[in-house]
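These numbers come from the heavy atoms of this one structure, side chains and all, not from hydrogens, waters or symmetry mates.
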Amino acid sequence: MEVRARAPGKIILAGEHAVVHGSTAVAAAIDLYTYVSLRFPTPDDDDDVLKLHLKDLDLEFSWPVGKIKEVLPELGSQDTLTPSSCSLEITKAIASLVDGLNIPEANTGLASGVSAFLWLYTSIHGTKPAKAVVNSELPLGAGLGSSAALCVALSAALLALSDSTKLDFSHQGWQMFDDNELELVNKWAFEGEKIIHGKPSGIDNTVSTYGNMIKFKSGELTSIKTNMPLKMLITNTKVGRNTKALVAGVSERTTRHSSTMSSVFNAVDSISNEFAAIIQSPVSDDLAITEKEEKLGELMEMSQGLLQCMGVSHASIETVIRTTQKYKLSTKLTGAGGGGCVLTLLPTLLSGTVVDKVIAELESCGFQCFIAGIGGRGMEISFSGSS
């Protein structure tokens with residue numbers, strides 16, 4: 001029996017940075033996915049190893065289950081229905097399993113991802129031998145929620161082959177978990193995210209699990225049902241950024257200019273709430289969609305202006321904006337800024353020729369482009385023999 005799970009990436013449509021200071025933000029799932037397949041060996045395989053194959057990176061790691069039992073003797077007593085955090089003791093034990101893989105020090109993100117895999121796997125399935133294969137349509141470390149999508153897809157695949165879920169193994173194609181099972185996946189994924197990021201907000205894994213869009217403010221998450229199809233051109237500037245430093249920079253600016261920055265955050269809050277209201281309002285015809293897209297485009301431009309006020313834009317982001325402005329398209333950064341990814345709204349009536357021209361121009365600058373549908377489905381699974 002092989003299970004395959006997929007979980008979408010995410011974008012922040014409005015409210016990044018300001019959300020830390022009490023403003024509303026809006027996040028959405030995108031139809032670019034991370035896939036995890038999981039298979040237990042048959043008795044004939046005589047395979048006593050846990051394997052992890054990262055297809056995109058062409059890397060394969062393996063651990064004899066005897067070694068895992070030796071390093072993590074207490075495992076197997078974990079209740080899969082009540083996810084718990086990885087203790088300091090187990091973190092150190094898992095680190096000893098990862099240290100032996102000779103992952104370059106520069107790639108700490110990869111090491112923490114492998115650690116999250118080991119914690120989630122051993123917590124849910126103990127020391128059973130298995131092979132997990134991971135591949136993704138999401139660029140790593142670009143602010144599109146690649147680590148959360150990994151943790152969600154991994155948790156879903158692991159739980160699908162446990163006693164914690166009731167699924168139809170004969171179902172052809174992708175199927176969804178019920179609400180309680182989704183909640184369980186989300187909780188486990190959040191524990192994986194903690195191993196990777198330390199103190200994640202929980203937004204990325206929630207969007208990846210449930211899909212669609214969410215509005216969040218001061219820790220409160222509200223699901224948003226979209227009534228209009230939205231397409232975005234996502235441009236990866238390939239410029240790495242230090243999220244912690246960018247967040248700290250906004251806080252320092254807020255300390256120096258408290259009254260002015262308070263006005264900036266209030267404006268961002270208004271933009272996020274208006275964005276959510278437009279997306280949720282009913283659509284009668286193509287004209288109504290065009291009007292809504294124009295309004296959303298204006299809100300994106302205002303949002304970008306305010307992010308510039310916060311000091312989190314970057315020369316690469318401004319290059320994308322200048323390029324798309326030539327075609328009268330609205331663009332804003334998404335996530336931390338300082339590089340990373342940039343969103344450009346693609347109106348429904350925009351010709352494919354124009355889109356091709358924009359992409360060609362951006363790619364000539366060394367950027368990477370994706371076209372993504374916004375606000376789609378969340379995590380799904382399929383079983384071997386189905387799609």
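Remark: the backbone N or O of His257 is not paired with any side-chain donor or acceptor of Thr260 at under 3.5 angstrom. A side-chain donor-acceptor contact under 3.5 Å links Thr324 to the backbone of Val320.
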Only pairs under 3.5 Å count here: list side-chain donor-acceptor contacts from residues 51-71, not counting sequence neighbours, and write none if there are none.
| unit_1 | atom_1 | unit_2 | atom_2 | d |
| --- | --- | --- | --- | --- |
| Lys51 | NZ | Asp47 | OD2 | 3.3 |
| Asp56 | OD2 | Ser136 | N | 2.7 |
| Trp63 | NE1 | Leu97 | O | 3.2 |

Give the table of side-chain donor-acceptor pairs shorter than 3.5 Å for residues 140-157, with sequence neighbours excluded, one pair per line with atom names and distance.
| unit_1 | atom_1 | unit_2 | atom_2 | d |
| --- | --- | --- | --- | --- |
| Ser147 | OG | Glu193 | OE1 | 2.7 |
| Ser147 | OG | His197 | NE2 | 2.8 |
| Ser155 | OG | Cys151 | O | 2.7 |
| Ser155 | OG | Ala189 | N | 3.4 |

Quick one: side chains of residues 245-253, donor-acceptor pairs under 3.5 Å with protein atoms, not counting sequence neighbours, listed by atom name and distance.
| unit_1 | atom_1 | unit_2 | atom_2 | d |
| --- | --- | --- | --- | --- |
| Ser251 | OG | Val247 | O | 3.3 |
| Arg253 | NH1 | Cys309 | O | 2.6 |

Contacts table for residues 336-354: side-chain donor-acceptor under 3.5 angstrom, sequence neighbours left out:
| unit_1 | atom_1 | unit_2 | atom_2 | d |
| --- | --- | --- | --- | --- |
| Thr344 | OG1 | Thr331 | OG1 | 2.9 |
| Thr348 | OG1 | Glu293 | OE2 | 2.4 |
| Ser351 | OG | Val354 | N | 3.2 |

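For residues 287-335, the set of pairs meeting the ring pair (Phe, Tyr, Trp, His ring centres under 6.0 Å) definition, not counting sequence neighbours, is empty. Pairs engaging residues 199-251 under the ring pair (Phe, Tyr, Trp, His ring centres under 6.0 Å) rule: none recorded [sequence neighbours left out]. Screening residues 235-245 for side-chain hydrogen bond (donor to acceptor under 3.5 Å, both in side chains), with sequence neighbours left out, gives Asn236-Gln368.
Residues satisfying the ring-ring contact (aromatic ring centres under 6.0 Å, His included) criterion with Phe40, sequence neighbours excluded, are His125. In this structure, the ring-ring contact (aromatic ring centres under 6.0 Å, His included) partners of Phe265, at least two apart in sequence or on a different chain, are His21. Listed by chain and residue number, Gln304, Ser313, Glu318 satisfy the side chain to side chain contact (heavy atoms under 4.5 Å, CB included) test with Gln308 (two or more places apart in sequence, or in another chain). In terms of the side-chain hydrogen bond (donor to acceptor under 3.5 Å, both in side chains) criterion, residue partners of Glu301 (sequence neighbours excluded) are, by chain and number, Ser330. Take Ala288 and apply the side chain to side chain contact (heavy atoms under 4.5 Å, CB included) test, not counting sequence neighbours, and it matches Val283, Ser284, Asp285.
A continuous path of Ile, Leu, Val, Met, Phe, Trp and Tyr side chains, each step under 4.5 Å between heavy atoms, connects Leu333 with Leu362, placing both in one hydrophobic cluster.
The number of heavy-atom neighbours closer than 6.0 Å to NZ of Lys92, taken from other residues, nucleotides and ligands shown, is 12 or below. Within 6.0 Å of the CG atom in Asp179, the count of heavy atoms belonging to other residues, nucleotides or ligands does not exceed 12. Atom NZ of Lys231 has 12 or fewer heavy atoms from other residues, nucleotides or ligands within 6.0 Å.
Among the candidates Ile11, Val26, Thr334, the single residue satisfying the side-chain contact (heavy atoms from CB on, under 4.5 Å) test with Glu16 is Thr334.
Residues Thr80 and Leu184 approach most closely at O-CD1, 3.4 Å, considering heavy atoms.
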